[in-house]
Amino acid sequence: MKFKNILFDLDGTIIKSDPGVTRGVKLSLEALGIEVGDESKLLKFLGPPLYDSYKKYYNLDYSTYEKALDIFHEYYRSTGIFECSVYEGLEESFKRLIGAGANLFVATSKPEPEAKRVIEYFNLGKYFKFIGGSDGDHGGLRSTKTAVMEYVLSSAGLENKSDILMIGDRYHDIVGAKNIGVKSMSVLYGYGNEAEFKEYGTDFIVNTTKDVADFIISI
C-alpha cells in the first residue's frame, strides 16, 4: 500500500452536511435582504471556506460577511451542525484502511472545534490520529485548505510526502494537495463533479465510499 497517511476532508467526504449548512447560509442571506429561494442553490457553499463562497457567489464585502456569519453561526452551532449524516459505507472503509496499516487524519476548512463536535457526535474519533481544521471563519492563519493541511502534517509529524494522500470532494482539496506536494483523491459521492476534478488536476477519482478503501489498498 503506497499511501500510509491519509487525510480526509470532512463536509462532502466524511459527512453529508448540506441540510444544516445550506439552511444556515439561507437564513444569513435573507437577513441581509437577499432572496435565495431553493436551498439547493447553496450546495456550492459546501467545502470551501465560508468567506470565499459568500464573496464569490454574493459579492459580500468583509464587513457584510461578518454580519452574515453571525447569523449563520447562531443557527449552525445550535442546530445545523447536527443536521448531517455519515456517508454510508465509509466507516467500513476506515476500518479496512486501518487494518491494512494506514493512519487516518481529518483536514477540513470547518473550524476545528466544530469539526471535533461532529466527529465526536458520530463516534468517529477512534479512527483518526489527529483532527485538524481552520482557526475560525474570520480569515485566520489557517483560512485556506493549504494552511490546514500544512498544520495537520506539522502537528502529526508527517514528513514523507510520498506516502500522504488527501481525499476530498471539491477543488480546494486538490489545490491544497498540489500546494504542499502530496497526491489527491477526489470522491464523486460528495459535492464536486468529474469536470471540476479534471479541471484542477486531481490524481485519482473514485465513485463510492467502498472504492476509497478498495483503491488505496490496491496500490
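Treat the numbers as computed from the prediction; the structure is a model and nothing was measured.
- Leu50 and Ile71 sit in two unconnected hydrophobic clusters of ILVMFWY residues. Membership requires side-chain heavy atoms under 4.5 Å apart, directly or through other members.
- The minimum heavy-atom distance between Gly192 and Glu196, with the atom names listed, is CA-OE1, 3.9 Å.
- Distance alone, capped at 3.5 Å, places no donor-acceptor pair between the Asp38 side chain and the Lys41 backbone.
- Atom CD of Glu30 is surrounded by more than 12 heavy atoms from other residues, nucleotides or ligands within 6.0 Å.
- Contact detail for Leu188 and Asn193: the closest heavy-atom pair is CD2-C, 4.0 Å.
- Minimum heavy-atom separation, Thr108 to Ala115: CG2-CB, 3.7 Å.
- When atom types are taken as modelled, the side chain of Ser134 and the backbone of Ser143 share no donor-acceptor pair closer than 3.5 angstrom.
- Remark: the backbone N or O of Asp61 is not paired with any side-chain donor or acceptor of Tyr54 at under 3.5 angstrom.
- Counted within 6.0 Å of NZ on Lys44, heavy atoms from surrounding residues, nucleotides or ligands total more than 12; the atom is thus considered enclosed.
- Looking at every heavy atom in both residues, Asp173 comes nearest to Gly168 through OD2-CA, 3.4 Å.
- Rounding to the nearest 0.5 Å gives a distance of 12.0 Å between CZ of Arg23 and CG of Leu42.
- Proximity of a side-chain donor or acceptor of Asp211 to a complementary backbone N or O of Thr208 within less than 3.5 Å is detected.
- Ile15 and Leu43 fall within the same hydrophobic cluster, where Ile, Leu, Val, Met, Phe, Trp and Tyr residues are linked whenever their side-chain heavy atoms come under 4.5 Å apart, directly or through other members.
- The aromatic rings of Tyr62 and Tyr65 lie tilted to each other, with the angle between the two planes from 30° to 60°.
- At a threshold of 4.5 Å between side-chain heavy atoms, the hydrophobic network of Ile, Leu, Val, Met, Phe, Trp and Tyr places Phe3 and Val182 in two separate groups.
- Across all their heavy atoms, Ala107 and Leu7 have their closest contact at CB-CD2, 4.1 Å.
- In summary, the side chains of Ser184 and Thr202 do present a donor paired with an acceptor at a separation below 3.5 Å, with no hydrogens or angles considered.
- Interatomic distance, Leu165 CG to Lys2 NZ, rounded to the nearest 0.5 Å: 9.5 Å.
- Panel note: side chain Thr64, backbone Leu60; no donor-acceptor pair is recorded below 3.5 Å.
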Would you check, one step at a time, whether the test salt bridge (charged side-chain N to carboxylate O under 4.0 Å, His left out) holds for Asp214 with Lys210? CA-CA 6 Å; Asp214 284 349; Lys210 182 177 181 295; 2.7 Å; yes

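- The cluster map of Ile, Leu, Val, Met, Phe, Trp and Tyr, joined by side-chain heavy atoms under 4.5 Å apart, puts Ile131 and Phe82 in the same cluster.
- With salt bridges taken as basic N to acidic carboxylate O contacts below 4.0 Å, none links Glu120 and Lys116.
- A distance-only check finds no donor-acceptor pair linking the side chain of Thr13 to the backbone of Leu10 [under 3.5 Å].
- Phe8 and Phe105 have their aromatic ring centers separated by at least 6.0 angstrom.
- Side-chain atoms of Asn179 and Glu150, non-hydrogen and from C-beta on, never get closer than 4.5 Å to each other.
- Between the side chains of Glu88 and Tyr189, no donor N or O sits under 3.5 Å from an acceptor N or O.
- Between Tyr171 and Phe197, a ring centre-to-centre spacing not shorter than 6.0 Å is recorded.
- Judged by distance alone, the side chain of Thr22 and the main-chain N or O of Asp18 form a donor-acceptor pair under 3.5 Å.
- Between the Asp169 side chain and the Tyr191 main chain, a donor and an acceptor come within less than 3.5 Å of each other.
- Glu91 and Tyr127 share a side-chain donor-acceptor pair at under 3.5 Å.
- Between the side chain of Asn5 and the main chain of Ile164, no donor-acceptor pair closer than 3.5 Å is present.
- By the 6.0 Å contact criterion, CD on Glu74 is open, its count of non-hydrogen atoms from other residues, nucleotides or ligands being 12 or less.
- When atom types are taken as modelled, the side chain of Lys26 and the backbone of Gly37 share a donor-acceptor pair closer than 3.5 angstrom.
- Between Glu112 and Arg142 there is a salt bridge, with a side-chain nitrogen of the basic residue lying less than 4.0 Å from a carboxylate oxygen of the acidic one.
- In this pair, Phe204 and Phe215 present their aromatic rings tilted. The plane angle is within the 30 to 60° band.
- No continuous path of hydrophobic side-chain contacts links Phe45 to Tyr75 [ILVMFWY only; heavy atoms under 4.5 Å].
- The pair Arg170-Asp11 does not count as a salt bridge, with every side-chain nitrogen at least 4.0 angstrom from each carboxylate oxygen.
- Across Leu46 and Ser17, no two heavy atoms sit closer than the pair CD1-OG, 3.2 Å.
- With a 4.5 Å cut-off on side-chain heavy atoms, Glu114 and Arg77 count as touching.
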